[in-house]
Amino acid sequence: MARVLVTEKIAQNGLDQLVAAGHEVDVREGLSEDELCAVIPGAHALIIRSATQVTEKVLDAATDLIVVGRAGIGLDNVDVPVATARGVMVVNAPTSNIVSAAEQTMALMLAIARNVPQAHGALVNGKWERSKWEGVELYEKTLGVLGLGRIGALVAQRALAFGMRLVAYDPYITEERARRMGVELLSLDEVVAQSDFITIHLPKNKETLGLFNAELFTKAKPSLRLINVARGGIVDEHDLFEALRDGVIAGAALDVFAKEPTTESPLFSLPNIVVAPHLGASTVEAQDKAGLTIAEQLILALRGDFVPFAVNVAAGEVSGAVAPFMPVAEQLGRFFAFLHDTPPAAITIEFHGELAGAGTKILTLSVLKGFLGATSQDPVSYVNAPQIAEARGLTVDELSSAHSSDFVNLITLRSAEHSVSGTLTGVGIRVEPRIVAVDDHLVDVKPTKDLLVVRNDDRPGVIGAVGTALGNDEVSITRMAVGPSREGNTALMVLATDGPASDQLLEQVRALDGIIDVYRVSL
Ligand code: NAD
Ligand code: MLT
């Protein structure tokens with residue numbers, strides 16, 4: 001059972017799912033950074049939305065943390081590089097609220113075009129002001145989209161239905177993709193100069209912070225209405241205030257602010273602004289989706305399984321053909337580590353058969369997780385395995401070959417001293433991992449917790465002597481595989497035992513006549 005600390009309001013369905021999976025859910029809303037640092041030790045998972053700042057200080061205090069789950073999209077409140085260095089997985093729910101955010105964008109665009117909140121406010125205060133709140137149509141206006149990603153694309157789709165002309169600034173997408181969306185890609189200055197409405201759907205980062213500033217406002221038409229449902233700080237609020245006050249642009253609608261929560265801003269005194277307290281994702285549907293998605297991802301992460309929405313795992317997409325091999329790849333990595341008295345400087349990971357070319361990055365991470373985890377005091381995860389390998393000066397090469405002589409799929413790890421190969425055998429629920437070769441010996445062993453690998457001269461009596469030594473020490477052999485070397489002069493035994501062999505027993509086995517090497521493996 002893991003302790004899941006939840007510091008913001010998360011849909012109950014997600015929390016219920018975590019409890020049903022056997023985890024303890026500890027909800028503590030509204031914590032300061034220091035309060036969070038005080039309660040985070042002992043938490044294995046942390047669930048947040050956009051208000052909790054997961055800083056280096058918080059991550060330093062988070063001694064047991066495995067995963068941070070962001071029930072939403074933006075990760076600007078999480079120090080992802082520090083989390084990665086600490087081996088903490090960061091997961092978000094990247095599509096949970098995109099429709100809600102796109103609809104909020106359309107709501108704010110219409111609200112600022114037609115002065116809906118202003119007219120409402122006037123009327124409920126006894127003023128029937130028809131000419132004062134005259135608006136403009138969206139039809140045949142130019143909408144500039146800054147950031148044509150998931151939400152930008154949904155907004156573009158909806159704006160097309162209103163008969164708007166669409167232009168966009170997004171240097172990271174192709175013209176072809178934009179064209180298929182009915183959008184013309186332009187430079188930032190061109191978008192600003194041509195647009196009647198601009199909507200921002202960018203991530204907040206060093207490149208985009210303060211992007212919309214006084215200089216850019218001077219390039220806009222006076223009729224421009226600006227909508228920001230992305231992140232506060234991308235628009236400079238001081239410069240926006242002056243642009244609205246001085247009629248440099250016509251209006252703005254903001255869902256997000258540089259500092260949140262905020263209830264006071266000079267912007268709130270202006271007649272040509274519409275504001276909302278970060279409501280882009282605040283719909284029943286988005287919250288249900290975000291809660292469920294993050295619970296599912298956390299359950300996978302806490303089980304040590306692959307997590308599809310992890311943002312700091314360098315694995316790319318994992319196909320259904322590759323995913324089942326992750327456990328055996330990790331076991332091979334761990335097994336391989338125990339074959340080395342001193343860590344090798346370089347290893348090669350080979351993928352043979354159908355696995356070759358199937359997107360095996362995650363299998364390399366699995367091998368490294370097992371290999372490095374076998375000798376590390378600190379937790380090694382899919383997240384930090386490449387960094388730990390680099391820090392240890394371990395060179396990792398990958399090879400893929402569609403050719404596999406004896407198995408449909410085979411994973412082989414090689415160093416200058418040793419090699420081990422493994423695969424999956426069987427079908428359906430009978431699929432099982434198998435170690436099928438160690439060095440140049442063919443074996444057939446199911447990886448189990450405690451194993452002894454013994455290499456000996458290939459002559460009668462040695463197996464019996466090893467069995468007797470184990471028996472005398474009350475270690476039972478539960479399975480055994482013996483493989484002669486290809487040259488035929490040595491043999492290799494892999495013995496599954498009902499517990500770990502003691503150091504003393506290892507010495508006794510090593511001292512037996514005909515024994516060449518003995519390795520104790522703990523998977
Ligand atoms: P996304 O990653 O799918 O899209 C972002 C797009 O911006 C990408 O196409 C990328 O190429 C482009 N981009 C990145 N850097 C750029 C730059 N410097 N210049 C121009 N283009 C750049 O993200 P998304 O899911 O569409 O989310 C967009 C924003 O909306 C994020 O900031 C997210 O945090 C925010 N968001 C807000 C709410 C809310 O409640 N207000 C809800 C959901 C998402
Ligand atoms: C997001 O990035 O997903 C949004 O800001 C929504 C939220 O967390 O409320």
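Below, each value reflects all heavy atoms present in this structure, side chains not excepted, and no hydrogens, waters or symmetry copies. Index from 1, following the sequence. For ligands, and for the atoms within them, numbers begin at 1 and follow the listed sequence.
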Do [X] and [Y] have side chains that get closer than 4.5 Å, going by heavy atoms?
X	Y	result
Lys57	Cys37	yes
Arg231	His278	yes
Asp76	Asn205	no
Arg86	Asn384	no
Val58	Asp79	no
Phe197	Thr142	no
Val192	Phe212	yes
Thr105	His201	yes

| message | Assess whether a salt bridge exists between Lys259 and Glu237, defined as any Lys/Arg side-chain N lying under 4.0 Å from an Asp/Glu carboxylate O. | response | no
| message | Salt bridge or not between Arg180 and Glu176? Use side-chain N to carboxylate O under 4.0 Å. | response | yes
What protein heavy atom is closest to [atom], reported as residue, atom name and distance in Å?
atom	result
atom 18 (N) of ligand 1	Glu207 OE1, 2.7 Å
atom 4 (O) of ligand 1	Gly149 CA, 3.3 Å
atom 43 (C) of ligand 1	Asn97 OD1, 3.2 Å
atom 28 (C) of ligand 1	His201 O, 3.5 Å
atom 20 (C) of ligand 1	Pro171 CD, 3.2 Å
atom 26 (O) of ligand 1	Ile151 N, 2.8 Å
atom 35 (C) of ligand 1	Ala230 O, 3.6 Å
atom 19 (N) of ligand 1	Tyr169 CE2, 3.6 Å

| message | Tell me which residues fall inside the under-4.0 Å heavy-atom shell around ligand 2. | response | Arg49, Ser50, Arg70, Gly72, Ile73, Gly74, Asn97, Arg231, His278, Ala281
| field | Partners meeting side chain to side chain contact (heavy atoms under 4.5 Å, CB included) with Glu8 (sequence neighbours left out) | value | Ile48, Arg49, Ala51, Thr52
Looking at ligand 1, does any of its N/O atoms fall within less than 3.5 Å of an N/O of [X]?
X	value
Tyr172	no
Thr208	no
Ala281	yes

| Which option, Asp76, Asp170, Val99, Leu202, owns the non-hydrogen atom nearest atom 10 (C) of ligand 1? | Asp170
Ligand 1 versus [X]: contacting region, heavy-atom distance under 4.0 Å:
X	answer
Asp255	side chain
Ala101	side chain
Gln104	neither
Arg150	both
Val229	both

For ligand 1, which atoms, with element, lie under 4.0 Å from some heavy atom of [X]?
X	value
Gly280	39 (C), 40 (O), 41 (N)
His278	39 (C), 40 (O), 41 (N)
Val256	41 (N)
Gly147	6 (C), 7 (O)

Are any side-chain N or O atoms of [X] and backbone N or O atoms of [Y], one a donor and one an acceptor, separated by less than 3.5 Å?
X	Y	value
Gln287	Ala281	yes
Asn115	Gln118	no
Asn312	Val90	yes

| query | Taking atom types as modelled and ignoring hydrogens, do the side chains of Glu260 and Ser50 form a donor-acceptor contact shorter than 3.5 angstrom? | reply | no
| Taking the inter-plane angle between the rings of Tyr382 and Phe306 on a 0 to 90° scale, is it parallel (under 30°), tilted (30 to 60°) or perpendicular (over 60°)? | perpendicular
